[in-house]
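To start, the structure itself, in structure tokens.
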Amino acid sequence: MRIVSWNINSVRLRAPLVEKLVAEISPDVICLQETKCPNDSFPEKIMHKLGYPHIAKNGVKGYHGVATLSRVPIVESHIVDYCKKGDGRHIETIFDTASGPLSVHNFYVPAGGDEPDPEINEKFAHKMAFLAQMTKIFKAQAKQKTKLQSVILGDFNIAPGEHDVWSSKALKNTVSHTPIEIEKLAALQATLDWDDVARRFVPPEEKLYSWWSYRARDWAASNRGRRLDHIWVTPKLTDKVKDYQILTDGRGWERPSDHAPLWIDLDVG
DNA sequence: ATGGTGGGACACCCA
């Protein structure tokens with residue numbers, strides 16, 4: 001099962017790029033973030049035509065919004081309204097596999113504004129509270145962690161490692177790479193011993209990015225990226241992950257998102 | 001130290 005995570009930055013504007021994604025890597029499940037689209041105007045027919053008859057979505061007008069598209073049936077879907085703001089930042093889909101149920105949590109974590117201080121910046125406070133609630137919810141599943149087949153993925157808006165950013169020194173006080181965010185992300189990761197798939201396929205000392213700002217003359221030449229997007233799996237799935245890749249080419253498509261799609265191949269029968 | 005470029009909705013928010 002090939003599972004993609006992609007912050008598409010408007011699903012209506014970039015529906016043609018989903019077609020390109022499908023042509024290039026043919027995913028079974030596509031998890032989108034920043035759909036910026038209410039549920040009733042989601043381009044369902046286009047996605048059906050591309051081979052994704054099963055769609056679970058949590059969209060609101062204008063901002064954020066997530067959706068999960070699938071070739072195979074979605075057995076259940078659940079939404080948690082994190083921080084009770086009515087945002088579209090989470091949707092869980094559950095699939096039947098030969099080795100049991102598989103849960104895929106699709107997240108769009110708040111970006112957090114510019115100032116990394118929750119006292120003066122409401123957006124940063126929201127980001128901290130959102131991460132705390134995620135941690136609480138997954139901690140509650142810790143007793144079953146050896147049995148769970150779960151994937152958590154999406155735009156976490158945090159690049160934790162030294163080589164997940166172009167310059168750890170330059171960005172140490174920049175939201176997405178501050179010590180407090182890195183600490184909160186580590187606490188979330190510890191809840192179920194989530195495995196950061198990327199760093200088993202790409203050595204930690206190698207630079208790895210999933211996002212490049214629009215505000216560069218030439219994103220590829222300057223290459224000042226950050227790894228804000230993640231795919232983590234529970235320990236039971238670790239050995240079933242057969243491949244991982246960031247489709248960097250996607251950042252260079254016509255009228256691109258500022259995030260590249262990334263994917264895993266999961267051998268779940 | 002600053003400002004650069006893109007979304008969506010409707011004059012400015014968000015990334």
Side-chain angles (χ1 to χ4, degrees), chain A residues 5-18 20-21 30-44 46 57-67 81-83 85-90 106-118 120-131 153-160 164-167 169-178 181 184-185 209-230 246 248-262:
Chain A
S5 174
W6 189 21
N7 179 322
I8 193 170
N9 189 17
S10 173
V11 69
R12 283 175 289 188
L13 189 70
R14 290 190 236 285
L17 294 189
V18 176
K20 207 162 163 75
L21 176 78
I30 304 174
C31 299
L32 300 174
Q33 301 90 34
E34 279 209 91
T35 53
K36 294 184 172 174
C37 175
N39 288 339
D40 57 11
S41 20
F42 194 91
E44 292 222 354
I46 297 175
K57 50 200 188 294
N58 180 15
V60 296
K61 194 174 176 180
Y63 305 106
H64 38 80
V66 294
D81 182 8
Y82 283 82
C83 301
K85 289 168 69 83
D87 287 359
R89 296 187 179 274
H90 168 260
N106 178 0
F107 275 101
Y108 178 48
V109 175
D114 289 332
E115 194 58 55
D117 180 352
I120 58 167
N121 174 9
E122 261 179 37
K123 291 180 199 167
F124 196 75
H126 179 210
K127 187 176 197 174
M128 293 292 101
F130 194 101
L131 290 163
L153 57 75
D155 179 0
F156 295 1
N157 267 311
I158 299 173
D164 295 331
V165 293
W166 63 275
S167 166
K169 193 180 165 194
L171 294 175
K172 70 181 194 305
N173 297 319
T174 298
V175 171
S176 75
H177 192 62
T178 63
E181 291 169 276
K184 297 294 179 191
L185 192 69
Y209 314 135
S210 64
W211 173 88
W212 294 259
S213 172
Y214 283 127
R215 301 173 188 177
R217 268 177 232 163
D218 184 333
W219 69 274
S222 62
N223 197 25
R224 294 185 166 189
R226 305 178 202 170
R227 187 168 71 101
L228 301 178
D229 302 272
H230 302 275
I246 297 177
T248 307
D249 286 357
R251 181 61 180 79
W253 288 339
E254 199 180 333
R255 288 257 265 165
S257 166
D258 46 354
H259 295 253
L262 55 153

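Residue numbers begin at 1 in each chain, while the letters A, B, ... track the order of the sequences. All of these numbers come straight from a predicted model, not from anything done at the bench.
Results of the ring-ring contact (aromatic ring centres under 6.0 Å, His included) test with A:Phe156 over A:His177, A:His230, A:His90 single out A:His230 as the only residue that passes.
Separating the NZ atom of A:Lys36 from the C1' atom of B:dG7 is a distance of 3 Å, rounded to the nearest angstrom. Computed from coordinates, the A:Trp6 CH2 to B:dG7 C1' distance equals 14 Å when rounded to whole Å. Taking atom CG of residue A:Asp114 and atom C1' of nucleotide B:dC13, one finds them 13 Å apart after rounding to whole Å. Atoms CD (A:Glu34) and P (B:dG6) sit 15 Å apart, rounded to a whole Å. Between the CH2 atom of A:Trp211 and the C1' atom of B:dG7 there is a distance of 14 Å, rounded to whole Å. One interatomic measurement links the two molecules: CZ of A:Arg251 to P of B:dG6, which rounds to 9 Å at whole-angstrom precision. Between the P atom of B:dG6 and the NE2 atom of A:His259 lies a distance of 15 Å, rounded to the nearest Å. Counting to the nearest Å, the C1' atom of B:dA15 and the OH atom of A:Tyr108 are 6 Å from each other.
OP1 or OP2 of B:dG7 lies within a sub-4.0 Å distance of a side-chain N or O belonging to A:Arg14. The side chain of A:Arg255 places an N or O atom within less than 4.0 Å of a non-bridging phosphate oxygen (OP1 or OP2) of B:dG7.
Rounded to the nearest Å, the gap between the P atom of B:dG6 and that of B:dC10 is 23 Å. Spacing between B:dG3 and B:dA15 at atom C1', rounded to whole Å, works out to 15 Å.
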Secondary-structure string, 5' to 3', Watson-Crick or G-U under 3.5 Å, | for another-strand partners, for DNA chain B
....((((...))))
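The stretch residues 212-219 of chain A touches DNA chain B through A:Tyr214, A:Arg215, each having a heavy atom within less than 4.0 Å of the strand. Shown for residues 222-230 of chain A: no residue has heavy atoms falling under 4.0 angstrom of DNA chain B.
Dense packing is recorded around NZ of A:Lys36, with more than 12 heavy atoms of other residues, nucleotides or ligands lying under 6.0 Å away.
In terms of position on DNA chain B, the residue among A:Val11 and A:Gly113 whose nearest nucleotide sits closer to the 5' end is A:Val11. Mapping A:Asn157 and A:Leu13 onto DNA chain B by nearest heavy atom places A:Leu13 at the nucleotide closer to the 5' end.
The aromatic rings of A:Tyr82 and A:Phe107 lie perpendicular to each other, with more than 60° between the two planes, well past the 30° mark.
Residues A:Ser257 and A:Arg14 bring no donor and acceptor atom of their side chains to less than 3.5 Å of each other.
You'll find that the side chain of A:Lys123 is closest to B:dA15, out of B:dG7, B:dA15, B:dC10.
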